[in-house]
Amino acid sequence: QVQLVESGGGLVQAGGSLSLSCATSERTISLNAMGWFRQAPGREREFVAAITRFFSTYYSDSVEGRFTVSRDNVKNTVYLQMNSLKPEDTAVYYCAVGPGGPVFADEAMKQENYDYWGQGTQVTVSS
């Protein structure tokens with residue numbers, strides 16, 4: 001069982017920035033795509049961003065140009081840098097372990113392709 005621990009959430013004003021981290025003790029995540037998803041109150045969980053083992057990145061249209069996903073395989077950690085935050089970015093953010101090998105955008109965006117999930121971290125953006 002792979003355990004993921006997200007951190008870095010909090011309260012920020014619109015236009016501000018936050019950086020989320022997702023840490024695991026498992027070295028094997030370096031062989032997998034890692035994804036970020038979010039769930040706002042009353043809404044379904046949705047794809048935010050993903051990074052493959054080959055460092056290809058994918059983003060949802062709503063965060064493209066504002067969020068950046070990265071990974072540090074030495075530290076077994078994945079990051080989500082969020083800039084120009086908007087109130088509609090308010091949600092619980094989850095990281096997850098995805099498929100290994102080459103991963104294309106349509107595959108990276110599907111939750112069913114992710115096997116292990118963190119507990120989530122709350123991000124609240126005030127207007």
Side-chain angles (χ1 to χ4, degrees):
Q1 183 78 10
V2 176
Q3 292 189 329
L4 306 171
V5 179
E6 299 103 333
S7 61
L11 174 64
V12 65
Q13 288 189 331
S17 298
L18 280 175
S19 181
L20 305 184
S21 299
C22 173
T24 176
S25 60
E26 297 291 329
R27 292 188 298 111
T28 54
I29 69 164
S30 65
L31 301 178
N32 292 75
M34 297 294 295
W36 286 96
F37 294 78
R38 66 186 181 187
Q39 186 167 21
R43 302 187 65 176
E44 294 185 353
R45 190 163 57 187
E46 64 176 4
F47 171 77
V48 175
I51 183 166
T52 72
R53 62 174 292 191
F54 301 111
F55 295 88
S56 297
T57 56
Y58 304 109
Y59 299 94
S60 68
D61 290 343
S62 61
V63 307
E64 179 84 52
R66 299 188 297 122
F67 291 11
T68 302
V69 60
S70 61
R71 65 191 301 161
D72 184 334
N73 288 338
V74 174
K75 296 182 178 179
N76 299 322
T77 301
V78 179
Y79 305 95
L80 185 68
Q81 177 65 41
M82 306 184 294
N83 298 328
S84 302
L85 283 161
K86 304 175 181 179
E88 51 264 44
D89 294 318
T90 295
V92 177
Y93 283 71
Y94 300 89
C95 68
V97 180
V103 178
F104 298 101
D106 58 346
E107 188 178 6
M109 294 178 180
K110 293 179 179 178
Q111 298 183 48
E112 55 265 35
N113 292 330
Y114 290 78
D115 295 320
Y116 301 100
W117 294 77
Q119 82 290 350
T121 186
Q122 176 70 47
V123 171
T124 303
V125 184
S126 63
S127 57

Looking at side-chain heavy atoms only, is the closest gap between L4 and Y94 below 4.5 Å? no
Mark yes or no for whether T90, through its side chain, and V125, through its backbone, hold a donor-acceptor pair below 3.5 Å. yes
Inter-residue atom distance E112.CD - E107.CD, 0.5 Å rounding: 10.0 Å
Is there a donor-acceptor pair closer than 3.5 Å between any side-chain N or O of E6 and the backbone N or O of G120? yes
Distance, nearest 0.5 Å, that separates CZ of F47 from CG of N113: 11.0 Å
Counting only N and O atoms by type, is there a donor-acceptor contact under 3.5 Å from the side chain of S84 to the main-chain atoms of G15? no
With side chains defined as the heavy atoms from C-beta onward, is the minimum distance between L18 and F67 less than 4.5 Å? no
Could you tell me whether a side-chain N or O of Y58 sits under 3.5 Å from a main-chain N or O of V103, the two making a donor and an acceptor? yes
Give a yes or no on whether the backbone of T52 and the side-chain of R71 come within a donor-acceptor separation of less than 3.5 Å. yes
How close do G9 and L20 get, heavy atom to heavy atom, and via which atoms? N-CD2, 3.5 Å
Within 6.0 angstrom of E88 CD, more than 12 heavy atoms from elsewhere: yes
What closest approach, in Å, do S30 and R53 show between heavy atoms, and which atom pair accounts for it? O-CB, 3.5 Å
Quick one: CG on D72 to OH on Y79, what's the gap to the nearest 0.5 Å? 5.0 Å
Geometric class of the F37/Y114 ring pair [parallel <30°, tilted 30-60°, perpendicular >60°]: perpendicular
Using a 3.5 Å distance criterion without hydrogens, assess whether the side chain of N32 forms a donor-acceptor pair with backbone atoms of G98. yes
So how far is it from R38 CZ to R45 CZ, rounded to the nearest 0.5 Å? 13.5 Å
Interatomic spacing from CG in L85 to OG in S126 - rounded to 0.5 Å: 10.0 Å
V63 side chain reached by M82 side chain, heavy atoms, under 4.5 Å: no
Ignoring hydrogens, what is the shortest heavy-atom contact between A40 and A91? Give both atom names and the distance. N-CB, 3.8 Å
At what distance, to the nearest 0.5 angstrom, does CD of Q119 lie from SG of C95? 7.5 Å
Do V12 and L80 share a hydrophobic cluster (ILVMFWY, side-chain heavy atoms under 4.5 Å, transitive)? yes
Minimal non-hydrogen separation, Y59 against V69, with atom names: OH-N, 2.9 Å
